[in-house]
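Worksheet for the structure shown next.
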Amino acid sequence: MLDIQFIRDNPDLVKQKSKEKSFEVNIDRLLEVDKIRRDLMNRKDEALRKKNERQSSISHSASVSPSASLSPSASPSPEEIDANFINEGRDNKKVLADIEAKLKPIEDEYRKLLKAVPNMPTEDTPVGASEADNKVDLEWGEKPKFKAPKSHWEIAETKGWIDKERASKVSGSRFAYLKGDFALLSNSLMRYGIDVLTDEAKLKQIAKKANLEVSTKPFTFVLPPLMIREEMFDAMDRLEPREDRYHIEGTDLWLQGSAEHVLGSMHFDEVLAEADLPIRYVGLATSFRQEAGTYGKDTEGIARLHQFEKLEMESLSTPETSLNEHLFMIAIQEYLMQSIGLPYRKLLKCTYDIGKPNARGVDIEVWLPSQEKYLETHTADYMTDYQSRRLKTRFKSADGSLQLVHINDATAFAQRPLIGILENFQTEDGEVDIPEVLVPYMGGKTQI
RNA sequence: GGAAGGGUGACCGAGUGGUUGAAGGUAGUAGUCUUGAAAACUGCCGUGCCCGCAAGGGUACCGUGGGUUCGAAUCCCACCCCUUCCGCCA
């Protein structure tokens, strides 16, 4: 959620940036409702002030009355209170009830309109109207040349690594059984990512290479709950669109769609100490998505499933350090891809594509030789205080003031890099070489 | 699923209708003392919203939402959450 004061001060800017992100917002109505709301609040405060004055007068007189002095805690009996006084109180109560009745729908509308306003994109976010306007920031690695490159599902099918036919029998479309060495490779990839993220020496090395002034505090590995309460999901601004989420019938719970959802909300309604920041987590979680509106898209292989393993970075930091946290997490992503040896490109996402809570977004896409195109494997989200405002996650700064933390997240590994490995590391005779850094995790196997 | 207990400020924890935004403690912070540190002692120290250039003022908030009352942290109702024990189970 955006700061209302910022919207009051910069209505035209907010309108423009929201439009650039392709979000329908009604800033004029929001400010109008805001004004009505404040006016009603003032009137309510006025009525309450009257009530308080009356109460303190009766409380005071009760405490100094002779009977009260005998027993200080004694209350005045109704007979001791003047009838006019009681009637006045009743009148004031009616006035209050009247104002509150008017305030309720205004508050609801205000909140709904305010929640609808997206985060403001950073200056360097390209303005765009579709994914096509994302800016290629960097291409890394050499694209391998094959006579007849096989797709990942062709390789996996031959090897018996992916069984979607039986999965559809058991669970429906967009599910898969991952089997044998391929399933082990998935685990190896995650384990490798965890080892990098929890190794301070390695993080130091990455920060230095990226030339970033940033803490090298290691990430804490977390296995989070996979279900999330609706209130938390909404506060993260990740509940919508609900059609893409799975709701657990008869409960208040939803299946999380990324460890980001359950890691970012961990410190809901907490005040953290500045000395503890940044707080960094790396969470491994099976993530669930309905993939509504993607019928017929990426139906082959494991590019788009209802359920997949994902290792996710999450960082809570001060506003001053959050941009570097974001850049650091991107540097980590690149290190992970480079150390495996996967050719990729880095995209600076445009205003259309970054998403509602984002101020900035970067994607990494792996090269797929079989299709001669790139496939998104990583995202890094720069969120500023947009999520923490509703999560009420704050920190007490050294000067004693309370501030909202900045929350950022980024993919470490999902299962899509496996697609990249199969395709880029395939051999002419149908085998798959294991990237060197993953060999120890595969029990020493160099090829599968 | 059965039974009981409980949700109060960064944390612990008093408080069962009338100046209670809320005792006490811890932590934090400023100082005294000290060569320095610790200890001890003293002062300060909740958050949201509204008004104000500011100083400051107003108001709300003791899990959430209703209700009773001139007046609610305190009484009533509903809901949510947590803990413990029993049962079941990985």
Side-chain angles (χ1 to χ4, degrees), chain A residues 1-9 31 33-97 99-108 110-111 114 223 225-235 248 250-254 265-277 279 316 385 388-405:
Chain A
M1 195 167 74
L2 218 54
D3 183 3
I4 183 64
Q5 193 57 50
F6 180 83
I7 300 172
R8 284 177 196 146
D9 295 342
L31 292 177
V33 170
D34 177 48
K35 201 162 177 298
I36 297 168
R37 175 177 152 269
R38 283 195 277 174
D39 183 54
L40 284 169
M41 283 172 99
N42 283 336
R43 283 168 56 198
K44 186 181 167 184
D45 280 359
E46 188 62 37
L48 285 164
R49 191 177 308 135
K50 265 187 210 156
K51 175 178 144 183
N52 283 346
E53 275 164 17
R54 291 159 37 75
Q55 282 324 121
S56 62
S57 71
I58 191 171
S59 299
H60 187 70
S61 63
S63 67
V64 298
S65 70
S67 63
S69 64
L70 288 171
S71 60
S73 61
S75 304
S77 64
E79 305 86 68
E80 286 177 279
I81 300 174
D82 184 65
N84 274 338
F85 187 85
I86 289 173
N87 286 334
E88 271 171 34
R90 286 183 178 147
D91 287 347
N92 197 46
K93 213 161 128 179
K94 275 192 198 119
V95 172
L96 256 178
I99 296 170
E100 275 166 2
K102 282 181 188 147
L103 193 54
K104 179 80 170 66
I106 289 292
E107 287 274 14
D108 290 347
Y110 166 79
R111 201 157 173 80
L114 182 57
L223 288 174
L226 303 185
M227 296 182 200
I228 179 168
R229 283 193 187 129
E230 183 162 314
E231 184 192 359
M232 294 299 145
F233 218 171
D234 191 41
I248 312 290
T251 71
D252 182 40
L253 295 167
W254 297 73
S265 49
M266 251 173 109
H267 296 280
F268 176 85
D269 195 25
E270 286 187 26
V271 177
L272 308 166
E274 184 169 8
D276 293 335
L277 302 177
I279 292 174
L316 285 72
D385 60 9
S388 57
R389 182 162 290 108
R390 273 169 75 193
L391 288 167
K392 292 175 280 181
T393 306
R394 295 148 297 169
F395 72 97
K396 195 158 208 166
S397 70
D399 67 12
S401 70
L402 267 197
Q403 293 183 56
L404 293 169
V405 301

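Labels below follow one simple rule: chain letters A, B, ... track the order of the sequence lines, proteins then strands, and each chain is numbered from 1. Keep in mind that what you see is a predicted model, and the values were worked out from it rather than measured.
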Fill in: Separation between the P atoms of B:rU8 and B:rU59, rounded to whole Å
26 Å
Response to the item:
On a heavy-atom basis, the closest approach of A:Leu2 and A:Phe6 is CD2-CD2, 4.3 Å
Fill in: Interatomic distance, A:Glu270 atom CD to A:Leu391 atom CG [nearest 0.5 angstrom]
10.5 Å
Discussion item. Measuring from atom CG of A:Leu253 to atom CZ of A:Phe233, what distance do you get when rounded to the nearest 0.5 angstrom?
Written reply: 11.0 Å
Worksheet item: Taking atom C1' in both B:rA72 and B:rC62, what distance in whole Å separates the two?
Response: 11 Å
Practice prompt. Round to a whole Å and report the spacing from NZ of A:Lys396 to C1' of B:rC11.
Written response: 12 Å
Practice prompt. To the nearest Å, give me how far apart CZ (A:Phe268) and C1' (B:rU47) are.
Written response: 14 Å
Worksheet item: Could you give the CG-to-C1' distance, from A:Asp269 to B:rU8, as a whole number of Å?
Response: 13 Å
Fill in: Spatial distance of atom CD1 (A:Ile36) from atom OH (A:Tyr110) [nearest 0.5 Å]
13.0 Å
Worksheet item: Would A:Arg38 and A:Asp34 pass as an ion pair if we require N to O under 4.0 Å?
Response: yes
Considering only nitrogen or oxygen atoms on both sides, find all protein atoms under 3.5 Å from nucleotides 81-83 of chain B and state each distance.
unit_1	atom_1	unit_2	atom_2	d
B:rC81	O3'	A:Arg229	NH2	2.7

Worksheet item: When rounded to the nearest Å, what value does the distance between C1' atoms of B:rC80 and B:rG25 take?
Response: 31 Å
Practice prompt. Rounded to the nearest 0.5 Å, what's the gap from CD1 on A:Ile279 to NE2 on A:His267? Could you check?
Written response: 4.0 Å
Worksheet item: When rounded to the nearest 0.5 angstrom, what is the spacing between CD1 in A:Ile248 and CE in A:Met227?
Response: 4.5 Å
Worksheet entry | Rounded P spacing from B:rA60 to B:rA73 in Å | 10 Å
Worksheet item: Rounding to a whole Å, what distance do you find between A:His267:NE2 and B:rA10:P?
Response: 16 Å
Response to the item:
side-chain contact (heavy atoms from CB on, under 4.5 Å) filter on A:Met266, not counting sequence neighbours, yields A:Leu263, A:Tyr281
Item to complete: Measure across A:Asp234 and A:Arg390 and return the closest heavy-atom pair with its distance rounded to 0.1 Å.
Response: OD2-NH2, 2.7 Å
Worksheet item: So what does the secondary structure string of RNA chain B come out as, 5' to 3', with Watson-Crick or wobble pairs under 3.5 angstrom, [ ] for crossing and | for pairs with another strand?
Response: ((((((((.[[[..)..(.....]]].(((((.......))))).((((((....)))))).[[[[[..)....]]]]])))))))....
Worksheet entry | Spacing of A:Lys392 atom NZ relative to B:rA10 atom C1', expressed in whole Å | 16 Å
Worksheet item: How many angstroms lie between CZ in A:Arg37 and CD1 in A:Ile106, if you round to the nearest 0.5 Å?
Response: 10.5 Å
Discussion item. Exactly one of A:Asp269, A:Leu404, A:Leu272, A:Asp385 should register a side chain to side chain contact (heavy atoms under 4.5 Å, CB included) with A:Thr393. Which one does?
Written reply: A:Leu272
Item to complete: Rounded to whole angstrom, note down the P distance from B:rU68 over to B:rU83.
Response: 35 Å
Fill in: Value in whole Å for how far the C1' atom of B:rG58 lies from CG of A:Leu40
17 Å
Worksheet, complete the sentence: Rounded to whole Å, CG of A:Leu272 lies from P of B:rG28 at a distance of 17 Å
Discussion item. Tell me the closest heavy-atom pair linking A:Arg394 and A:Val405, and the distance in Å.
Written reply: C-CG1, 3.9 Å
Under 3.5 Å, which protein N or O atoms sit close to an N or O of nucleotides 48-53 of chain B? Give each pair with its distance.
unit_1	atom_1	unit_2	atom_2	d
B:rC50	OP1	A:Arg8	NH1	3.4
B:rC50	OP1	A:Arg8	NH2	2.6
B:rC50	O2'	A:Asn42	OD1	2.3
B:rC50	O2'	A:Asn42	ND2	3.4
B:rC51	OP1	A:Arg38	NH1	2.7
B:rC51	OP2	A:Arg38	NH1	3.4

Discussion item. Roughly how many Å apart are B:rC76 and B:rA90, using the C1' atom of each and rounding to a whole number?
Written reply: 43 Å
Worksheet item: Given side chains that start at C-beta, do those of A:Lys104 and A:Glu107 come closer than 4.5 Å, heavy atoms only?
Response: no
Item to complete: Using atom CD of A:Glu107 as one end and atom P of B:rG65 as the other, report the distance to the nearest whole Å.
Response: 12 Å
Item to complete: Could you tell me which residues satisfy salt bridge (Lys or Arg N to Asp or Glu O under 4.0 Å) with A:Glu231, sequence neighbours excluded, listed by chain and number?
Response: none
Discussion item. When you measure from the side chain of A:Arg389 to the backbone of A:Met1, do you find a donor-acceptor pair of N or O atoms at a distance under 3.5 Å?
Written reply: yes
Worksheet entry | P spacing across the pair B:rG56 / B:rC44, given as an integer number of angstrom | 15 Å
Distances under 3.5 Å between protein N/O atoms and the N/O atoms of nucleotides 54-57 of chain B, please, pair by pair.
none

Worksheet item: How far, in whole Å, is B:rA27 from B:rG9 if one measures between their C1' atoms?
Response: 13 Å
